Protein chains: 2
Amino acid sequence: MPRAARVSQDQILAAAAAEFAERGFAGARVDRIARRARVNKAMLYYHFTSKQQLYRTLLRRSFTLASTRLRAIADGNAAPADKVRDAIAAFASLIREHAFLPSMMLREVADAGVHLDRETLAALAGVPRAFAAIVAEGVASGAFRDVDPLSAYLTIIAPVIFFHASAPIRQQLGAMHLMSGTAAADFVDHVQESVQRAFAPDRPLRRSTR
Amino acid sequence: MPRAARVSQDQILAAAAAEFAERGFAGARVDRIARRARVNKAMLYYHFTSKQQLYRTLLRRSFTLASTRLRAIADGNAAPADKVRDAIAAFASLIREHAFLPSMMLREVADAGVHLDRETLAALAGVPRAFAAIVAEGVASGAFRDVDPLSAYLTIIAPVIFFHASAPIRQQLGAMHLMSGTAAADFVDHVQESVQRAFAPDRPLRRSTR
DNA sequence: GTCTATACTTCGATAGAC
DNA sequence: GTCTATCGAAGTATAGAC
């Protein structure tokens, strides 16, 4: 692919990510995406079939990346508690790299996935699947109490996503003196610590040799 | 207010709640709201000034109700751990009564609160404020370890909202054999249990007399 | 209070020149 | 590959009869 085309495509994807995160699929305006990408609308439609395809491309890439990284952690040989710690850190890292993800995820969840095709939905499902493998391993080995893997996933991913996506509204409430602030790093620490305690078995085992 | 008007207004509010929850503010169509309410569009604009006012009215009512109930729990004389339990149960109850809330909250958080006026934002802020009072009391009395009240709130409200709002997409993933299911009651139990463990002090105190 | 009809605007997408 | 101009559909909101 020629360099110029690649540049345009990346500009469009970055602009679309920002627009979709801020406004959602229905609220996003193709004109605004083109303007933000500094290309005209016809150029956008030259590279991408439709608003929907642009949207799907963005999410599919992120889901695949998240899934790959999480699977690598799950397949490692660390203790389950450490894998969970690493998984939470991995979510936080991914969000730092793909700042549009939290907002887009909240919106797509609320939209029941209607904008996603089969392939993108499958990529999405790979994330909880990989995380659940970690939890199941920990439960089986006695490192965790008997927690439901999917519930465990949701109690972790929801706060992390929600915290990041809610930064703007929390900032606004802060400016109105209606809410105090919490730093992102402190929040991730809180989740890390809370999850370790929440998953710990009633009579903690001595860490087994591996 | 005449009975007929009241009926129309309630029909419109109920229809709007469903439409906004399914599609979000930008995706919601006034025509669809009117059709769902079985009134025509002019009737809707007779009772409500605009799509936006309808939206705000819905959320302000829910926020105020949530805030009132939570404040009642916070002001009670139960032990902090029990107040937290009651608060989580109260969130679950409110959601059962206002099924549109989880989805609308996710969307509004992603939208940074742009559709809300000052009054509605203040009502929203009352919810974490009331919950934080419970946590602060528990931390002060030694019933909880030193958790940040706002972080504590987010780690509870996010999973509860996310779980409910994600029911449709999880069901779809289940139908595609990409994810297994979890019952709502089981999930609330998981949150209850996890939070008690996450908040517990390192050396649990004997329950103090009051 | 309730309706039909429609004004006015904005959007996604495309045509066609270069 | 990139542009300007524009089409047709769909949206919010209102006018005005009853």
Side-chain angles (χ1 to χ4, degrees), chain A residues 1-59 100 104 107-108 110-111 114-117 120, chain B residues 1-59 100 104 107-108 110-111 114-117 120:
Chain A
M1 184 170 315
R3 173 154 32 151
R6 186 55 194 265
V7 167
S8 285
Q9 281 198 31
D10 289 350
Q11 282 172 347
I12 293 167
L13 282 168
E19 175 77 5
F20 285 134
E22 281 175 27
R23 318 255 188 172
F25 184 83
R29 298 292 164 244
V30 175
D31 291 272
R32 264 199 299 260
I33 294 174
R35 186 150 29 88
R36 291 172 96 135
R38 303 209 230 219
V39 301
N40 61 58
K41 205 162 39 161
M43 197 65 243
L44 187 152
Y45 280 102
Y46 173 79
H47 284 299
F48 297 92
T49 311
S50 64
K51 181 181 175 181
Q52 192 178 53
Q53 193 227 327
L54 192 48
Y55 184 89
R56 288 173 175 170
T57 299
L58 273 169
L59 285 183
F100 57 90
M104 286 188 73
R107 297 178 189 279
E108 195 53 38
D111 283 338
V114 290
H115 307 109
L116 307 181
D117 53 13
T120 309
Chain B
M1 185 173 312
R3 174 153 34 153
R6 186 55 194 265
V7 168
S8 285
Q9 282 198 30
D10 288 350
Q11 281 172 348
I12 292 167
L13 283 168
E19 175 76 4
F20 285 132
E22 282 175 27
R23 318 258 187 171
F25 184 83
R29 298 294 164 242
V30 175
D31 289 272
R32 265 199 298 259
I33 295 174
R35 187 149 28 85
R36 290 171 96 136
R38 305 213 229 218
V39 301
N40 61 61
K41 207 166 30 166
M43 196 66 242
L44 186 154
Y45 279 101
Y46 173 79
H47 284 299
F48 297 92
T49 310
S50 64
K51 181 182 176 180
Q52 192 178 54
Q53 193 228 327
L54 193 47
Y55 183 88
R56 288 173 175 171
T57 300
L58 272 169
L59 285 184
F100 57 91
M104 286 188 72
R107 297 177 189 280
E108 195 54 36
D111 283 337
V114 288
H115 306 109
L116 307 182
D117 52 14
T120 309

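As the structure is a prediction and not an experimental result, all values here were calculated from the model.
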Nearest-neighbour nucleotide for the A:K41 side chain, D:dG1, D:dA15, C:dG12 considered: C:dG12

Distance in angstrom units between B:I12 CD1 and C:dC3 P, rounded: 10 Å

Side chain of A:Y46 (C-beta onward), nearest among C:dT4, C:dA13, D:dG1: D:dG1

Nearest heavy-atom neighbours spanning A:E108 and A:L59: CG-CD1, 4.4 Å

Whether A:Y55 and A:H115 hold their rings parallel, tilted or perpendicular, with breakpoints at 30° and 60°: perpendicular

Spacing of B:H115 atom NE2 relative to D:dT12 atom P, expressed in whole Å: 12 Å

Sugar-phosphate only, base, or nothing, as touched by B:A26 at under 4.0 Å among non-hydrogen atoms: nothing

Options C:dT2, D:dT12, C:dG12, nucleotide nearest the side-chain atoms of A:V30: C:dG12

Dot-bracket notation for DNA chain D, counting Watson-Crick and G-U pairs under 3.5 Å, with | for partners on another strand: ||||||||||||||||||

side-chain N/O A:S8 vs D:dT2 OP1/OP2, d < 4.0 Å: yes

Closest approach of B:L58 to B:L13 (non-hydrogen atoms, all atoms of both residues): CD2-O, 3.7 Å

For atom CD of A:Q53 and atom P of C:dG12, their distance in whole Å: 16 Å

Nucleotide C:dG12, atom P - distance to CG of A:L44 in whole Å: 10 Å

Minimal non-hydrogen separation, A:L44 against A:A34, with atom names: CD1-N, 4.1 Å

Residue list, side-chain contact (heavy atoms from CB on, under 4.5 Å) with B:A21, at least two apart or on another chain: B:F100, B:S103, B:M104

Which residue lies more 5' along DNA chain C, comparing A:R29 with A:T49 via nearest heavy atoms: A:R29

Contact nearer the 5' end of DNA chain D, comparing B:K51 with B:A42: B:K51

Length of the CD-P vector between B:E19 and D:dG11, whole Å: 10 Å

Donor-acceptor contact present, side-chain B:E19 to main-chain B:R29, <3.5 Å: yes

Distance, rounded to the nearest Å, where A:N40 contributes CG and D:dG1 contributes C1': 10 Å

Nucleotide of C:dA13, D:dT12, D:dG1 approaching B:D31 most closely (side-chain heavy atoms): D:dT12

Spacing of A:R32 atom CZ relative to C:dA13 atom C1', expressed in whole Å: 17 Å

Ion pair check, B:E22 and B:R36, cut-off under 4.0 Å: yes

Rounded distance in Å - CD1 (A:I33) to P (C:dC11): 12 Å

Below 4.0 Å: OP1/OP2 of C:dT14 and any side-chain N or O of A:Y45: no

